[in-house]
> 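Quick one: the structure is below, and I'll ask about it shortly.
The figures here come from the full heavy-atom set of this structure, side chains too, leaving out hydrogens, waters and symmetry mates.
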Amino acid sequence: MNLFYLRYFVTLAHTQHYTKTAEQLYISQPGLSYAIAQLEKELGLPLFEKSGQKTTLTQFGKEFLSYAEHALSILDTGIASLKRSAGGEGLIRLGLLRTLGIEYIPRLAAAFLKENPDANIQFTFHTGTTQVLLEGLAAKKYDLIFCSQPPAHLNLTAASIQKQDLVLIVPNHHPLSAQHTIDLPETLPYPQILLEKSTGMRSLVDQMFSEIGEKPQIAYETEEDQVIAGLVAQGFGIAVVPYMDLLLKLDLKILQINAPSHEYNFYLVSDDSHFMSPAVHHFQQFVLDHKNFYSEALI
């Protein structure tokens with residue numbers, strides 16, 4: 001069905017006058033008559049009839065008018081929404097590691113909204129492990145994700161945006177708690193708590209122990225580094241974790257790792273094979289332009 005003809009029909013139904021309708025639509029009257037005739041031919045029923053000087057709807061025309069107006073309303077709403085998206089408005093769906101959701105991502109999103117006060121932009125925030133986030137990105141559940149470095153074979157675009165030093169945490173009154181620094185081999189006699197193998201952090205810790213040719217005594221495994229910190233504080237073991245402010249609030253000791261020394265990098269990851277709306281692209285560029293945002297925000 002011709003969309004223009006549908007709009008002509010709705011306009012004529014309200015004006016009830018061919019000449020006025022043609023003038024309002026900036027088309028010729030014969031062109032309008034042809035359009036209505038084609039519409040009636042396609043439907044197989046008359047939509048209008050003459051009533052004195054007016055052109056009125058038949059009973060079929062009245063019924064069709066409600067459908068036509070509803071269809072055009074939905075279409076116009078969709079067009080307006082897409083135009084707003086094209087203009088930089090819309091929804092930005094973020095996937096992130098839980099540790100980044102405590103302060104970094106909320107501050108970043110708030111700063112972005114503050115910089116774009118007139119844009120109608122909304123965020124959704126979803127947390128998970130790196131593996132879960134990567135699966136969500138592949139399934140188009142997220143527009144951007146913040147996680148550990150993705151495997152190269154996934155062919156994703158990843159930019160390092162944040163770094164955290166890795167530290168050893170031990171319970172207070174632990175045999176190692178009197179030290180301020182440590183070499184990783186010194187941790188081997190003690191049971192350790194590690195993140196599950198599906199996490200990017202676990203791969204990094206495994207790499208550190210591989211560099212010294214040893215394996216840790218694994219007491220427990222879990223998905224969240226905050227949970228690890230809580231378990232360490234209660235004496236369930238020791239752990240290598242990224243430094244985070246939460247550690248200062250718990251009953252534990254933080255030791256700097258001398259060797260092997262590593263940093264834990266967080267990445268902004270996107271899939272360039274998926275369409276990225278202007279709003280998402282704008283936020284992505286904002287993040288890349290504010291890589292040191294966390295430290296700037298704390299000054």
> State yes or no: are the ring centers of F283 and F112 separated by less than 6.0 Å?
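When the ring centroids of F283 and F112 are compared, they turn out to be within the sub-6.0 Å range.
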
> How many angstroms lie between CD1 in I193 and CD1 in I169, if you round to the nearest 0.5 Å?
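Reported to 0.5 Å precision, the distance equals 7.5 Å.
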
> What's the separation between atom OG1 in T130 and atom CG in L97, rounded to the nearest 0.5 Å?
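If I round to the nearest 0.5 Å, the distance is 4.5 Å.
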
> Indicate whether the side chain of E42 and that of Q38 have a donor and an acceptor atom separated by less than 3.5 Å.
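No, no side-chain donor-acceptor pair sits under 3.5 Å.
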
> Can you tell me which residue pairs pass the side-chain hydrogen bond (donor to acceptor under 3.5 Å, both in side chains) test with a partner in residues 213-224, sequence neighbours excluded?
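Only R98-E224, R202-E221 qualify under side-chain hydrogen bond (donor to acceptor under 3.5 Å, both in side chains).
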
> Compare every heavy atom of L133 with every heavy atom of T127, then report the nearest pair and how far apart it is.
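Looking at all heavy atoms of both residues, the shortest contact is C-CD2, 4.3 Å.
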
> Is it true that T15 and Q24 share a donor-acceptor pair across their side chains at a distance under 3.5 Å?
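Not at all, the side chains of Q24 and T15 share no donor-acceptor pair under 3.5 Å.
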
> In terms of hydrophobic clustering (I, L, V, M, F, W, Y; side-chain heavy atoms under 4.5 Å; direct or indirect links), are F60 and L65 co-clustered?
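F60 does not cluster with L65.
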
> Evaluate whether atom NE2 of H281 has more than 12 neighbouring non-hydrogen atoms of other residues, nucleotides or ligands under 6.0 angstrom away.
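No, the 6.0 Å shell around NE2 holds no more than 12 heavy atoms from other groups.
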
> So which of D143, L154, L156 actually passes side chain to side chain contact (heavy atoms under 4.5 Å, CB included) with L137?
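Exactly one option meets the side chain to side chain contact (heavy atoms under 4.5 Å, CB included) with L137, and it is L156.
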
> According to a 4.5 Å side-chain heavy-atom criterion applied to Ile, Leu, Val, Met, Phe, Trp and Tyr, with indirect links allowed, do L3 and I36 form part of one hydrophobic cluster?
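Yes, it is one cluster - the side chains of L3 and I36 are joined through contacts under 4.5 Å.
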
> The criterion is salt bridge (charged side-chain N to carboxylate O under 4.0 Å, His left out); which residues satisfy it with E263, sequence neighbours excluded?
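With neighbours one apart ignored, the set is K163.
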
> Considering residues at least two apart in sequence or located in another chain, which fulfil the side chain to side chain donor-acceptor pair (under 3.5 Å) criterion with Q234?
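Expected list: none.
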
> For F286 and H282, I'd like to know if the aromatic rings sit close, meaning centre-to-centre distance below 6.0 Å.
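Centroid distance F286-H282: not below 6.0 Å, so no.
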
> Give, for atom CG of L246 and atom CD of Q226, the distance between the pair rounded to the nearest 0.5 Å.
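Answer rounded to 0.5 Å: 6.5 Å.
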
> To the nearest 0.5 Å, what is the distance between OG on S270 and CG on D272?
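So the gap between those two atoms works out to 4.5 Å.
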
> How about H14 and E69: does a side-chain donor come under 3.5 Å of a side-chain acceptor?
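E69 and H14 do have a side-chain donor-acceptor pair below 3.5 Å.
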
> Please find the pair of heavy atoms, one from L32 and one from A22, that lie closest to each other, and give the distance.
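Heavy-atom minimum between the residues: CD2-N, 3.9 Å.
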
> Quick check for you: to the nearest 0.5 Å, what is the distance between T21 atom OG1 and L25 atom CG?
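Atom-to-atom, T21:OG1 and L25:CG are 6.5 Å apart.
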
> How long is the gap from CD on Q29 to OG1 on T19, to the nearest 0.5 Å?
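Answer rounded to 0.5 Å: 3.5 Å.
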
> Considering all heavy atoms of both residues, which atom of L252 and which atom of A229 are nearest to each other, and what is their separation?
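Nearest heavy atoms, L252 then A229: CD2-O, 3.6 Å.
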
> Does the gap between the ring centers of Y243 and Y264 come in under 6.0 Å?
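No, they do not, as the ring centres are separated by 6.0 Å or more.
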
> Centres of the F9 and F48 rings: under 6.0 Å?
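Centroid distance F9-F48: below 6.0 Å, so yes.
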
> What closest approach, in Å, do A239 and I228 show between heavy atoms, and which atom pair accounts for it?
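Closest heavy-atom pair between A239 and I228: CB-CG2, 3.4 Å.
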
> Can you find a heavy atom in the side chain of M276 that is under 4.5 Å from one in the side chain of L144?
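Touching, per the 4.5 Å side-chain cut-off.
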
> When you compare the side chain of L166 with that of V241, does any pair of heavy atoms fall below 4.5 Å?
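Side-chain contact under 4.5 Å: no.
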
> Can you see whether Q53 engages H17 through a side-chain donor-acceptor pair at a distance of less than 3.5 angstrom?
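Not at all, the side chains of Q53 and H17 share no donor-acceptor pair under 3.5 Å.
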
> Taking the six-membered ring for Trp, are H174 and Y190 closer than 6.0 Å centroid to centroid?
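They qualify: ring centres under 6.0 Å apart.
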
> On a heavy-atom basis, which atom in A233 and which in L250 lie closest, and how many Å separate them?
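Where A233 meets L250 most closely, the heavy atoms are CB-CB, 4.2 Å.
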
